[in-house]
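We use all heavy atoms of the structure for the numbers below, so side chains are in, but hydrogens, waters and symmetry mates are not. For this chain, numbers begin at 1 and follow the sequence in order.
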Amino acid sequence: MIKRLPFFLTMSVSAVFSVFLGGVWAETHAIQEATLRAHTQFLADDLLEGRGVGTRGEALATRYIAAQFAALGLQPGGEADTYFQQVPLVATTADPAMVLSFQVGDETLTPTYLEDFVANTPLQTELVELDRQELVFVGYGIQAPEYEWDDYKGADLRGKVLLVLNNDPDTGDPAFFGGSARLYYGRWSYKYEMAAKMGADGAILIHTTPSASYPWQVVQTSWSGEQYALPRSEPKIKVEAWITEAKIKAILHQAGLDLEALTAAAQRRDFAPVPLGIRVSSRLQSTVRAMEGTNVLGLLPGSDPTARDEVVIFTAHHDHLGIGSAVDGDSIYNGGLDNASGVAAMLTLAQAFAAQLQPPRRSILFMAVTAEESGLLGSAYYAQHPTFAPGQIVANFNLDGLNIFGRTRDLSILGFGKTDLDPVFQAAAERQNRVIQPDPMPEKGSYYRSDHFSFAKIGVPSYTHRGGLDVIGQPAGWGKEQAEWYTEHHYHQPSDEYSPAWNVEGAMEDLRLV
């Protein structure tokens, strides 16, 4: 007797995935390398002047993206039947003649702006001052009840300036504070938020390359020039600053203190804030202006009359750092990999979905967001003012930098292990004979550094896919070396430019999986 095969074994592979994934199966032949390269090359061109927020370059990028959406037949997903959602922002530019000084006894030590420190004010006001205010070392500046950890111990820190270590404690316990993985407690944004909660007037973060996961030059380029924020709605400190490890070591040494000893003490639960006997003064003059950034939204309505009310959102940030300080004679921060490539990937996926004979059951929203480099502001604004209710947003898939080093046996997913959508990724990866890896470099805290995090904060299952590191045809460890090389030499630098020499075979395979 011949048994009838289960229905799904009599179907093509593509049809099987169409059933299992609810009809969401892009025609992968529509994902073309030429399309990906062409979009990347244009968006990373000098003509767009680094796509700085609120600049002519951003306007060119957003109009280009909207035109591509229209050409694909996507519906306007923004305001007033347009492809645009305007994001109100406040731009603050600190005068580089700023002063940050430390009084140690009768001596005043004055670090050099950019070389030793950077500072800005989040108060969105033209002048802020610190006047000989006490400097207090607060370790990592963390309150984490689930770990029975409190660096503040009830100390009165109102009006003080806090000196804070970056990252989170290194106790040697892999189950404690995520082990080597950076939690949100280790993010600079959390440190400043806690300083404001404590009533402090300022906070100075100590930079090291391991604790930040990027070199000082990234702080210099990212924290100088015009800075952007959503209009202020919650308490902030007067001054947010970074200082190099070498400079603060020298200042502490002058006061008879040892940074290594203070850092060692901060690894213990019994740590309590340490007044340093140092007074901090600062005068920070800024220009402040109201402005707007732009999110670009294109909608592919779903084919199912009921399921089309739910939406899957693909995001990629279109902004970069614009025109800034010249490096080797080049002042345009093109953002080729970060993130012209991600926007190009989103447009390539949009083309693939639009090419289907029948759209997916659910609707798909493609959104290029603004001001990611300034703190995920465009996606945060959308999360506060969504065009679909959060309960209708099934998932967010974010595209932020592609694999340009070749095909891999693995794929890294930021957010993997945090939702019940993992089996969907695993099924797609198995079809390509690949394996899904969680964040391969969790110490960088990348989960909290891209736009999917804005959606995660409102309860939406959210991911960013990264290229894998197990590169086919290369020795073990080569992929990680290349990723670290890019961070050291090109991340947030004018040299992050598109190159025809990029090997995007792995990126194409990643997009077919996505």
Side-chain angles (χ1 to χ4, degrees), residues 12-14 16-17 21 25-41 44 213 314 316 336-349 351-352 397-417 421-444 446-447 450 463-491 495-514:
S12 68
V13 172
S14 63
V16 169
F17 267 72
L21 304 186
W25 180 72
E27 296 288 351
T28 56
H29 69 265
I31 298 177
Q32 298 291 327
E33 179 176 334
T35 302
L36 179 70
R37 286 187 180 274
H39 288 315
T40 306
Q41 185 172 6
S213 80
F314 286 90
L337 190 61
D338 180 20
N339 188 36
S341 72
V343 176
M346 183 191 66
L347 291 172
T348 303
L349 286 171
Q351 177 176 308
F397 299 99
N398 185 52
L399 300 151
D400 193 354
L402 299 186
N403 169 15
I404 59 171
F405 303 118
R407 294 181 58 230
T408 62
R409 299 178 184 87
D410 60 340
L411 181 74
S412 302
I413 301 290
L414 306 184
F416 193 74
L421 285 181
D422 291 355
V424 176
F425 275 113
Q426 289 172 321
E430 288 170 6
R431 184 183 177 207
Q432 293 184 339
N433 295 316
R434 301 171 73 193
V435 295
I436 297 293
Q437 302 283 7
D439 187 355
M441 292 181 272
E443 69 278 2
K444 294 180 180 290
S446 297
Y447 180 74
S450 200
Y463 301 85
T464 292
H465 96 272
R466 300 283 198 199
L469 297 180
D470 186 6
V471 181
I472 295 172
Q474 298 293 344
W478 185 86
K480 185 176 182 180
E481 290 174 1
Q482 296 306 302
E484 291 175 343
W485 169 83
Y486 164 79
T487 299
E488 181 178 354
H489 296 285
H490 301 300
Y491 178 63
S495 56
D496 180 10
E497 297 182 317
Y498 168 75
S499 171
W502 285 358
N503 182 346
V504 299
E505 291 180 1
M508 298 300 296
E509 193 165 36
D510 292 349
L511 289 184
R512 293 184 178 114
L513 186 150
V514 171

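Nearest heavy-atom pair, A429 versus L513, reported as atom, atom and distance to 0.1 Å: CA-CD1, 3.5 Å. Taking both residues in full, the closest heavy atoms of S213 and T487 are given as O-CG2, 3.8 Å, listed atom of the first, atom of the second, then distance. Listed here is the closest heavy atom pair of W502 and S341: CZ3-CB, 4.4 Å. G467 and L411 get closest at one heavy-atom pair: CA-CD1, 4.5 Å. Between G336 and A44 the shortest heavy-atom distance is CA-CB, 3.7 Å.
Between T40 and L402, the closest side-chain pair of non-hydrogen atoms is not below 4.5 Å. Between T35 and L347 there is no side-chain heavy-atom pair separated by less than 4.5 Å. Proximity of Y491 to L337: side-chain heavy atoms (C-beta onward) are nowhere separated by under 4.5 Å. Residues R37 and V504 are in side-chain contact: their nearest non-hydrogen atoms beyond the backbone lie under 4.5 Å apart. Contact of the L511 side chain with the L399 side chain is registered, since non-hydrogen atoms from C-beta on lie closer than 4.5 Å. Side-chain atoms of Q426 and F416, non-hydrogen and from C-beta on, do get closer than 4.5 Å to each other. Between F397 and L349 the shortest side-chain heavy-atom distance does not fall below 4.5 Å.
Considering R409, R407, R431 in turn, R407 is the only one that fulfils the salt bridge (charged side-chain N to carboxylate O under 4.0 Å, His left out) rule with E509.
Within a 6.0 Å sphere centred on CD of E505, heavy atoms belonging to other residues, nucleotides or ligands number 12 at most.
To the nearest 0.5 Å, atoms OG1 (T408) and CD1 (I472) are separated by 6.5 Å. Put simply, OG1 on T348 and CG on L36 are 4.5 Å apart, with the number rounded to the nearest 0.5 Å. Taking NE2 of H465 as the reference point, atom CG of N403 lies at 8.0 Å (rounded to 0.5 Å). Of the inter-residue distances, the one linking M346 atom CE with N339 atom CG reads 9.5 Å to the nearest 0.5 angstrom. To the nearest 0.5 Å, atoms CD (Q474) and CD (E481) are separated by 10.0 Å.
Ring orientation note: the planes of W485 and H489 are tilted relative to one another, at an angle of 30° to 60°.
Salt bridge present: D510 and R434 bring a charged side-chain N and a carboxylate O closer than 4.0 Å.
A donor-acceptor contact shorter than 3.5 Å links the side chain of D496 to the backbone of D338.
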Full working for side chain to side chain donor-acceptor pair (under 3.5 Å) between D400 and T464: CA-CA 7 Å; D400 193 354; T464 292; over 6 Å; no
Apply ring-ring contact (aromatic ring centres under 6.0 Å, His included) to Y463 and F425, showing your working. CA-CA 11 Å; Y463 301 85; F425 275 113; 4.7 Å; yes
Please assess I31 against M508 for the test side chain to side chain contact (heavy atoms under 4.5 Å, CB included), listing each intermediate value before the final yes or no. CA-CA 7 Å; I31 298 177; M508 298 300 296; 3.6 Å; yes
